[in-house]
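Presented below is the structure to which this report refers.
Note on naming: letters A, B, ... go to the chains in the order of the sequence lines (proteins, then strands), and numbering restarts at 1 for each one. On a predicted model such as this, the values are computed, not experimentally measured, just so you know.
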2 protein chains.
Amino acid sequence: MTATAPTRPSFKQRQFEAREDAILDAAHELLATKGYDQTTVDEVAAAVGIAKASLYKHFPSKEALATAAMKRMIQRALAFIDGLSPSLSADESLRAVLEWALRLRLAGGLPTLPSSNSALVAALTQDEAYVALVTELTGRLGLWVQFGKALGKLRADLPDEVILLSFYARTCDPAIDFLKRGGSMDDETIVQSMLKLFFDGVRRSA
Amino acid sequence: MTATAPTRPSFKQRQFEAREDAILDAAHELLATKGYDQTTVDEVAAAVGIAKASLYKHFPSKEALATAAMKRMIQRALAFIDGLSPSLSADESLRAVLEWALRLRLAGGLPTLPSSNSALVAALTQDEAYVALVTELTGRLGLWVQFGKALGKLRADLPDEVILLSFYARTCDPAIDFLKRGGSMDDETIVQSMLKLFFDGVRRSA
DNA sequence: GTCTATACTAAGATAGAC
DNA sequence: GTCTATCTTAGTATAGAC
């Protein structure tokens, strides 16, 4: 090896990754705000401040870009879960994750996991890495659901599937956006209301 | 008046309206299945079995077509509400309407009230007739929410706004589609699960 | 690897004959 | 009022110079 041989990621390499991160940040925000269909590649490029063609050097297609952003999102969720105190009970853990997701969403930072009829869904389900991440996340949440039921904290008369899918659905509930847009409630009140709703429902317990 | 003067809607007139209804039916189904953005005017025309240009003689734009379908939908909801037994209590009425909407959705017959970031929303909120219908519907549901609270049937610590918007959101909950696609639950089980979820939450009452 | 300029395509909308 | 054929635009993607 010569003296000039770099032993670390080169300068250019780091710059490249920084740029890529900036692109993902912009895509992330636009996806969260406008959704996949309404977001154009031009907008993303403009938000980053680069030309569209440059963006395509980093990501081969709009679908690939969105998929990358979604993967990063799920990794963050997994990281948050890893950081949770192990002393929390199953239902407390679920609540903590939902609370985190709701806050993130209200801050404009959660690209809505796509509802079933978006063009993005097809691309995502074909991306093995994405599917693996979702499987990982669902596995962890699913364990909590099972534990929660076993400990008598969660209703046993609801299928695990229902609880899990509804958990996901609450993170992209359109009611949140309308409440925020209405402007009559602050973020904290919205979060607490949605948590109450998910865990206790609208009916007053006797 | 001559002997040939029609005293009723003419034949052609009735045929025209029948055609228009057929167009709305097709649009309705496609909107429910694929959503506004993913539905093309070509598809609607093909489903009816007419040329696209003919469709445009009936509706001046895709937005106008979708708006008309949505208005018809809300009118049906109002009609269903009118037909409800007055002896039902407020919370029972809310449950009945939600149950009706969920069944309709599972049968593929409920165009998802648009989540906040669809191109359709802008068009809808500018259509006075549509806004009036939504106001009417929200008014009736809102009364039930107030009564339900007053009678101690609904939780008083949730703002009316939250209950109402979540009610709407449950009719287009993506969890429903995923559960149906999963195939492991029949429609009736899905409906009952979603009702339980909305009214009682996931937490087991002590 | 970034840019400007352009090709390609899908989809909303219209023209004009009948 | 229905059709076939066409216009137009918006948006994904690429070519080619630097």
Side-chain angles (χ1 to χ4, degrees), chain A residues 6 9-24 26-27 30-31 33-70 114 117-124 126-127, chain B residues 6 9-24 26-27 30-31 33-70 114 117-124 126-127:
Chain A
S10 73
F11 207 71
K12 277 191 146 182
Q13 177 74 9
R14 284 216 305 271
Q15 213 172 19
F16 180 85
E17 281 164 15
R19 171 63 48 94
E20 207 155 278
D21 244 37
I23 296 174
L24 284 177
L30 283 165
L31 287 175
T33 311
K34 317 181 53 178
Y36 179 76
D37 294 316
Q38 301 297 310
T39 299
T40 70
V41 178
D42 295 79
E43 282 174 321
V44 178
V48 187
I50 62 174
K52 182 163 55 170
S54 306
L55 192 155
Y56 273 98
K57 296 283 180 185
H58 291 266
F59 300 95
S61 70
K62 182 186 178 184
E63 290 182 350
L65 171 59
T67 303
M70 298 298 292
N117 50 13
S118 163
L120 182 55
V121 182
L124 288 175
Q126 283 175 335
D127 186 296
Chain B
S10 74
F11 207 69
K12 277 192 147 182
Q13 176 75 9
R14 285 215 303 271
Q15 214 171 18
F16 180 84
E17 281 165 15
R19 171 63 48 95
E20 208 154 279
D21 244 36
I23 296 174
L24 285 177
L30 283 166
L31 287 174
T33 311
K34 317 181 52 176
Y36 179 77
D37 294 317
Q38 302 296 312
T39 299
T40 69
V41 179
D42 295 78
E43 282 174 320
V44 178
V48 187
I50 62 175
K52 182 162 59 168
S54 305
L55 193 155
Y56 273 98
K57 296 284 179 183
H58 291 266
F59 301 94
S61 71
K62 182 186 178 186
E63 289 182 350
L65 171 60
T67 303
M70 296 300 292
N117 50 14
S118 162
L120 183 54
V121 182
L124 288 175
Q126 283 176 336
D127 186 298

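- The nearest whole Å value for the distance from the NE2 atom in A/His58 to the C1' atom in C/dC3 is 13 Å.
- Distance NZ (B/Lys52) to P (C/dT14): 11 Å, rounded to an integer number of Å.
- The CZ atom of B/Phe59 sits 16 Å away from the C1' atom of D/dT2 (whole-angstrom rounding).
- The base of D/dG1 lies outside donor-acceptor range of the side chain of B/Lys12, with no N or O pair under 3.5 Å.
- Without hydrogens or angle criteria, A/Gln126 side chain to A/Ala123 main chain gives no donor-acceptor distance under 3.5 Å.
- Picking from C/dT2, C/dA15, D/dA13 the nucleotide with the shortest atom distance to the side chain of A/Tyr56 gives D/dA13.
- Minimum atom distance to the side chain of A/Ser54 is reached by C/dT2, of the listed C/dA11, D/dT2, C/dT2.
- In B/Gln15, the CD atom is not crowded: 12 or fewer heavy atoms of neighbouring residues, nucleotides or ligands sit closer than 6.0 Å.
- Nearest nucleotide to the A/Ile50 side chain, out of C/dA11, D/dT4, C/dC3: C/dC3.
- Here the nucleotide nearest the side chain of B/Ala51, chosen from D/dC3, D/dT12, D/dG1, is D/dC3.
- Taking each heavy atom of B/Tyr36 and B/Lys62 in turn, the nearest pair found is O-NZ, 3.1 Å.
- Put simply, CG on A/Asp37 is 13 Å from C1' on D/dT12, counting in whole angstrom units.
- Across C/dC3, D/dA13, D/dT2, the shortest atom-to-atom separation from the side chain of A/Lys62 is found for D/dA13.
- Following rounding to the nearest Å, B/Glu63 (CD) and C/dA11 (C1') show an atom-to-atom distance of 14 Å.
- Side chain of A/Val41, nearest nucleotide from C/dC3, C/dG12, D/dT12: D/dT12.
- Nucleotides of DNA chain D nearest to A/Asp42 and A/Lys57 differ in position, and the one nearer the 5' end is that of A/Asp42.
- Taking 4.5 Å as the limit, every side-chain heavy atom of A/Glu63 sits out of range of all side-chain heavy atoms of A/Asp127.
- By the 4.5 Å heavy-atom criterion applied to side chains, A/Asp37 and A/Leu120 are not counted as neighbours.
- The nucleotide whose nearest atom lies closest to any side-chain atom of A/Ala53 is, among D/dT4, D/dA15, D/dT12, D/dA15.
- In this structure, B/Leu55 places its CG atom 11 Å from C1' of C/dA13, rounding to the nearest Å.
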